[in-house]
*Asks:* 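After the structure tokens below, expect a handful of questions from me.
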Amino acid sequence: MLSIKNKPLVGLFLLIFGFSMMGCGAQNPGTPSGQDKSAKANLTGAGSSFVYPLLNQQIEEYRKMNSNITINYQSTGSGAGIKQVSEQTLDFGATDGPMTEDQMKAAKGGKLLHIPLTLGAVAVTYNVPNAPKNLKIAPADLADIFLGKITNWNDQRIATNNPGVTLPDTKITVAHRSDGSGTTYIFSDYLSSVSPEWSSKVGKGTSLNWPAGIGGKGNAGVAGAIQQTPGSIGYLELAYAVQNNLPYATMQNKEGKWITPSLQSTSAAAAATTIPEDMRVSIVNASGADVYPIAGFTWVLIYQDQKDKTKGTALVNFVNWAIHEGQNLSEGLQYAKLPASLVGREEAMLRTITFEGQPILK
Amino acid sequence: MSKKIKYKTSFGDQLMWILTLLMAISVLVLMVWMGWQMYHSARPSIQRFGFSFIIGRVWDPVKEQFGALPFIYGTIVTSLIALLLAAPIGLSVAIFLNEMALSKVRTVIGFLVEMLAAIPSVVYGLWGIFVLAPWLRETVEPGLAKWLGFIPFFKGSPVGFGMLAGGLILAIMILPTIAAISREVMAAVPNMQREAALALGATKWEMIRLAVLPYAKSGIMGGVMLGLGRALGETMAVTMVIGNRPDILLSLFAPAYSMAAVIANEFTEATYDLYLSALVEIGLILFGITLILNVFARLLIWSVAKGPKGGSLV
């Protein structure tokens, strides 16, 4: 296609090409974080789509410093991640909900460790004509809205928490995720913890038998349904709600304080929770004055006993970097940072990972 | 041409014969293999629920209870709406383009209709969320409820997202298939047929009705069935507008769910084996329904083709 007529274009191409080559030269791999540079490793992971933007960025950054390590992460969903890591077809998995006891027993490569990689919050968004940006919704009321028991925005129970606000006589349309999702897991985990009726009738999971409302595919589908339906209410990843400038509710935490979701109030939820030895813990509805109650971890799943020395070393070093320096990438991408108190314990956990009985991380 | 032609046996011909035979068989093998594989993966669910899977109305992954009826219902209802709307429109488009339109108009409109087939389904879905659903909620559904509210199909509060939206999107998506095939088939009707009808004093409409349509009907039927096949399997556009709610309600305004949509939505996060196998069983049922419909369509075409001989594409 490049005929003589396009000569300036050719020049431009050459110029751009030249510059990009120079860029490559300048971006020489920096100092590796203390590991054998000669060992090449190819790691494959899959799972949570929630963590994908952050993990992908971390992988990119890490590769700049360790050009010998290639990590390929696919956002296939937490369920698929757990399944594949249990079958040992992956080097690591990532999940938004902790594995159950049965799932842990089914893992073929021995004991799987849950290492928190980041924290996410779920925002309650709504589309109510003339409503303020941070409507206050009490936990029990939220559960009853999603149970289909509160059906109109002018309900007295919503009004009592929002003095001075006149809510319209509009039917409530509930919108939820139709695809299986970690966001749904965290949200239903929260509703189960604040409403016994929700807990017995619906329960928690990545997909539910919803008592009310319509389903949208992905964050985008839910956001679209909410924006297009006056009187609707739904839940989204906090990052998605912030980036798309959607109004979200202020929630009442366990101590009775009204908290707006933010990265800080999400991190606070992890800091305020007593985290058990194996890190498999739900942090919804945590006690603590400045805690936002609808939050959850994303864990990386790694076998405690690594079968391949090169791969195991690369994996442990990467995860160790991701929970330390890698956390600096979080806030730009609207993820909450792991609290410092937890990072130390996670590092200790990483030190228990062994190859032929010898700890990998020194 | 019933007489057998005797070939000179040359190596090339034999090779060709074997190769094409292999290709033809491979399609069959692929289908049987897929069916068997799906049956195999669906076995845990089949053993656990048996026939109650097909008539069960509850889909609760948390309590490990699975019934497929709402999905079967949603798929069939949306596909039927699509067919009822798209078949007459597609046929009219084909008649207009073939028999009435000037050749310039024919080229332009024909091109535009076929363009509809080139739009990715996710784009239809987005258009459904942002244009179709609000329009249905604010204009169409209240209107239908007001004038036709005595029919149970048009009762209930307008949400926008629901079976009507799913059916409408599907109708637009299968329209080009039906229109294009009908057009091709009608174009294949010999001009002598038309001239004979006109010579006998037929009006244009009588000519189309008596000379063109009977000649082309088996082909048109084939086009409609191809459209139906696409409607049954369409996933993305439907899941974006149908409301994804496993309920069986008469009102077309109500949200529903389709088989293809639930598989696409829940497969990646199906965390335990029974759940996965229940989803595969839904796939198996969809496979079965499509197969039965195609066989039925084939029989229909054969019985129709016994009438006046028609040019058939399919």
Side-chain angles (χ1 to χ4, degrees), chain A residues 46-49 74-83 95-97 99-100 102-103 106 171 173-182 184-185 188 192 199-218 220-232, chain B residues 57-67 70 122 125-138 157-162 165 235-247 253-258 261-273 275-276 278-279:
Chain A
S48 156
S49 48
Q74 295 159 357
S75 61
T76 51
S78 302
I82 290 175
K83 218 174 153 52
T95 178
D96 302 327
M99 290 170 70
T100 60
D102 287 346
Q103 285 171 337
K171 211 178 123 264
T173 305
V174 169
H176 54 77
R177 289 282 287 270
S178 62
D179 50 332
S181 148
T184 302
Y185 181 86
S188 57
S192 297
S199 175
S200 64
K201 254 189 175 171
V202 187
K204 60 182 174 183
T206 51
S207 293
L208 308 171
N209 183 19
W210 291 92
I214 55 172
K217 190 168 167 54
V222 174
I226 292 173
Q227 282 172 316
Q228 296 306 320
T229 315
S232 57
Chain B
R57 287 166 162 241
V58 178
W59 182 266
D60 190 338
V62 179
K63 301 201 171 78
E64 308 199 1
Q65 208 182 337
F66 299 104
V122 65
L126 282 176
W127 178 79
I129 291 180
F130 291 106
V131 182
L132 183 67
W135 180 63
L136 285 177
R137 190 188 61 243
E138 270 150 29
S157 61
V159 184
F161 297 93
T235 310
M236 196 60 194
V238 174
T239 191
M240 287 168 88
V241 298
I242 198 172
N244 300 316
R245 182 163 183 71
D247 255 347
F253 305 163
Y257 221 145
S258 83
V262 73
I263 298 172
N265 273 327
E266 298 190 0
F267 198 75
T268 50
E269 291 283 347
T271 34
Y272 52 91
D273 290 339
Y275 189 3
L276 257 183
L279 285 171

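Each chain gets a letter, A, B and so on, in the order its sequence line appears, and its residues count up from 1. Hydrogens, waters and symmetry mates are skipped; everything else that's a heavy atom, side chains included, is used.
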*Asks:* Between A/A212 and chain B, which part of the residue has a heavy atom less than 4.5 Å away: side chain, backbone, both or neither?
*Replies:* backbone
*Asks:* For B/L126, is it the side chain, the backbone, both, or neither that has a heavy atom closer than 4.5 Å to a heavy atom of chain A?
*Replies:* neither
*Asks:* Test your reading of the model: is there a side-chain donor-acceptor pair from B/E266 to the backbone of A/G180, 3.5 Å cut-off?
*Replies:* no
*Asks:* With chain B as the partner, which of A/A80, A/G77, A/S178, A/G79 has the greatest number of non-hydrogen pairs under 4.5 Å?
*Replies:* A/S178
*Asks:* Can you name the residues that form a ring pair (Phe, Tyr, Trp, His ring centres under 6.0 Å) with B/Y275, not counting sequence neighbours?
*Replies:* B/F66, B/Y272
*Asks:* From A/L208 CG over to B/K63 NZ, what is the distance, rounded to the nearest 0.5 angstrom?
*Replies:* 9.5 Å
*Asks:* Report which part of A/T206 has an atom under 4.5 Å of a heavy atom belonging to chain B: side chain, backbone, both, or neither.
*Replies:* side chain
*Asks:* Counting only non-hydrogen atoms closer than 4.5 Å, does A/S181 touch chain B with its backbone (N, CA, C, O), its side chain (CB onward), both, or neither?
*Replies:* backbone
*Asks:* For each of A/Q228, A/K217, A/H176, A/K171, tally heavy-atom pairs with chain B at distances under 4.5 Å, and name the one with the top tally.
*Replies:* A/Q228
*Asks:* So for A/K204, is it side chain, backbone, both, or neither that comes closer than 4.5 Å to the heavy atoms of chain B?
*Replies:* backbone
*Asks:* Could I get the full list of ring pair (Phe, Tyr, Trp, His ring centres under 6.0 Å) partners for B/F267, not counting sequence neighbours?
*Replies:* none
*Asks:* Quick one: which of A/T173, A/V202, A/I82 has the most heavy-atom pairs under 4.5 Å with chain B, could you say?
*Replies:* A/V202
*Asks:* Could you tell me whether the side chain of A/N209 reaches within less than 4.5 Å of the side chain of B/V58, counting heavy atoms only?
*Replies:* yes
*Asks:* Run the side chain to side chain contact (heavy atoms under 4.5 Å, CB included) test on B/D273 and A/K83 for me, step by step, so that the C-alpha distance in whole Å, both residues' side-chain angles and the decisive distance to 0.1 Å come before the verdict.
*Replies:* CA-CA 9 Å; B/D273 290 339; A/K83 218 174 153 52; 2.8 Å; yes
*Asks:* Donor-acceptor pair, B/R137 side chain versus A/P230 backbone, under 3.5 Å?
*Replies:* no
*Asks:* Using a 4.5 angstrom heavy-atom cutoff, name the option from A/D102, A/T184, A/T229 with the most pairs to chain B.
*Replies:* A/T229
